[in-house]
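FYI, side chains are in, hydrogens and waters are out, and symmetry mates aren't considered; it's all heavy atoms of this structure.
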Amino acid sequence: MSNQLTVNGQVHDIHMHGDTPLLWVLRDGLKLTGTKYGCGVAACGACTVHVDGEPMRSCQVRVADVEGAEVTTIEGVESEVATAVRQAWDEISVVQCGFCQSGQIMSAIGLLTENRQPTIDEIESYMWGNACRCATYQRVRAAVRRASDILEA
């Protein structure tokens, strides 16, 4: 079975069953390994990508469901918001082991694209479900706030 998929601005012919999770198409088919496998049940956020600009857990999205959509991974995300988030992540030194960070960053970009001045409660609510085994949650919140400040400067 073949599906056509646009990932990071490039069209790909995907020769995998339509029920294959997008995560495996990205990692195994396209070798875009920045999107991580964490739990397989959309509970940890490590596999977060953007589908038509919206953060989604790629482990639970079937490749057939995103045919015709624009999929953006951590490798291809480029915008003013993405630049601010990356700068803030670096300034705050968020990363510890780094495993969850691509999902955290993709979620943070989704939040700040939707709401450039979120409250702490809005940050916690939006970022809830992005698990970090190193417990960098305070640094993640601080980095989202810093990225918001960068965007407002």
Side-chain angles (χ1 to χ4, degrees), residues 3-14 16 20-40 42-63 65-118 122-134 136-137 139-153:
N3 293 286
Q4 206 169 59
L5 192 61
T6 303
V7 179
N8 298 333
Q10 294 185 321
V11 178
H12 300 273
D13 285 317
I14 305 299
M16 293 184 175
T20 303
L22 176 59
L23 173 64
W24 300 120
V25 171
L26 296 173
R27 288 186 60 79
D28 294 345
L30 300 178
K31 306 303 182 204
L32 296 170
T33 57
T35 303
K36 303 298 183 199
Y37 172 76
C39 67
C44 74
C47 68
T48 302
V49 298
H50 293 177
V51 177
D52 290 335
E54 295 293 318
M56 293 191 172
R57 307 295 166 85
S58 63
C59 68
Q60 294 295 300
V61 175
R62 298 173 337 123
V63 69
D65 292 338
V66 294
E67 190 165 13
E70 174 65 39
V71 176
T72 306
T73 69
I74 191 73
E75 293 92 345
V77 67
E78 293 295 332
S79 68
E80 177 187 22
V81 173
T83 299
V85 168
R86 286 186 184 114
Q87 179 182 335
W89 244 249
D90 186 48
E91 286 179 18
I92 303 293
S93 296
V94 173
V95 178
Q96 191 160 322
C97 86
F99 189 82
C100 70
Q101 294 304 303
S102 59
Q104 297 273 8
I105 288 169
M106 294 301 281
S107 292
I109 292 167
L111 168 60
L112 292 171
T113 298
E114 185 179 305
N115 178 1
R116 288 196 175 204
Q117 293 184 304
E122 289 170 329
I123 293 168
E124 288 180 2
S125 176
Y126 198 95
M127 299 297 290
W128 185 88
N130 283 277
C132 176
R133 24 184 172 192
C134 302
T136 62
Y137 301 111
R139 293 192 309 242
V140 167
R141 282 191 300 273
V144 173
R145 294 290 301 144
R146 176 65 184 126
S148 175
D149 292 344
I150 292 167
L151 290 166
E152 293 306 311

Any heavy-atom pair between the side chains of [Y] and [X] that's under 4.5 Å?
X    : Y    : value
V63  : P21  : no
P118 : L112 : yes
T6   : V71  : no
W24  : L30  : no
D149 : L151 : no
Q96  : R139 : yes
E122 : N115 : yes
R27  : K36  : yes

Assess whether a salt bridge exists between R116 and E152, defined as any Lys/Arg side-chain N lying under 4.0 Å from an Asp/Glu carboxylate O.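 Between E152 and R116 there is no salt bridge, as every charged N stays at least 4.0 Å from the carboxylate O atoms.
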Does K31 pair with E75 as a salt bridge, N-O distance under 4.0 Å?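 Salt bridge absent between K31 and E75.
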For the [atom1] atom of [X] and the [atom2] atom of [Y], what is their distance to the nearest 0.5 Å?
X    : Y    : atom1 : atom2 : value
S102 : L32  : OG    : CG    : 11.5 Å
I109 : E80  : CD1   : CD    : 12.0 Å
W128 : S107 : CH2   : OG    : 12.5 Å
T136 : R141 : OG1   : CZ    : 9.5 Å
L23  : D28  : CG    : CG    : 8.0 Å
T20  : L26  : OG1   : CG    : 11.5 Å

Is a side-chain N or O of E67 found less than 3.5 angstrom from the main chain of L5, in a donor-acceptor match?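 Checking the backbone N and O of L5 against the side chain of E67, no donor-acceptor pair under 3.5 Å is found.
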Shortest non-hydrogen contact from Q104 toward C132: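 Closest pair (atom of Q104, atom of C132, distance): NE2-CB, 3.9 Å.
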Before you tell me yes or no, could you show the steps for M127 and V140 under side chain to side chain contact (heavy atoms under 4.5 Å, CB included), namely the whole-Å CA-CA distance, both residues' side-chain angles and the distance that decides it to 0.1 Å? CA-CA 9 Å; M127 299 297 290; V140 167; 3.8 Å; yes
With distance as the sole criterion, is a donor-acceptor pair present between the side chains of N8 and T72 under 3.5 Å?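 Side-chain D/A pair, N8 to T72: absent.
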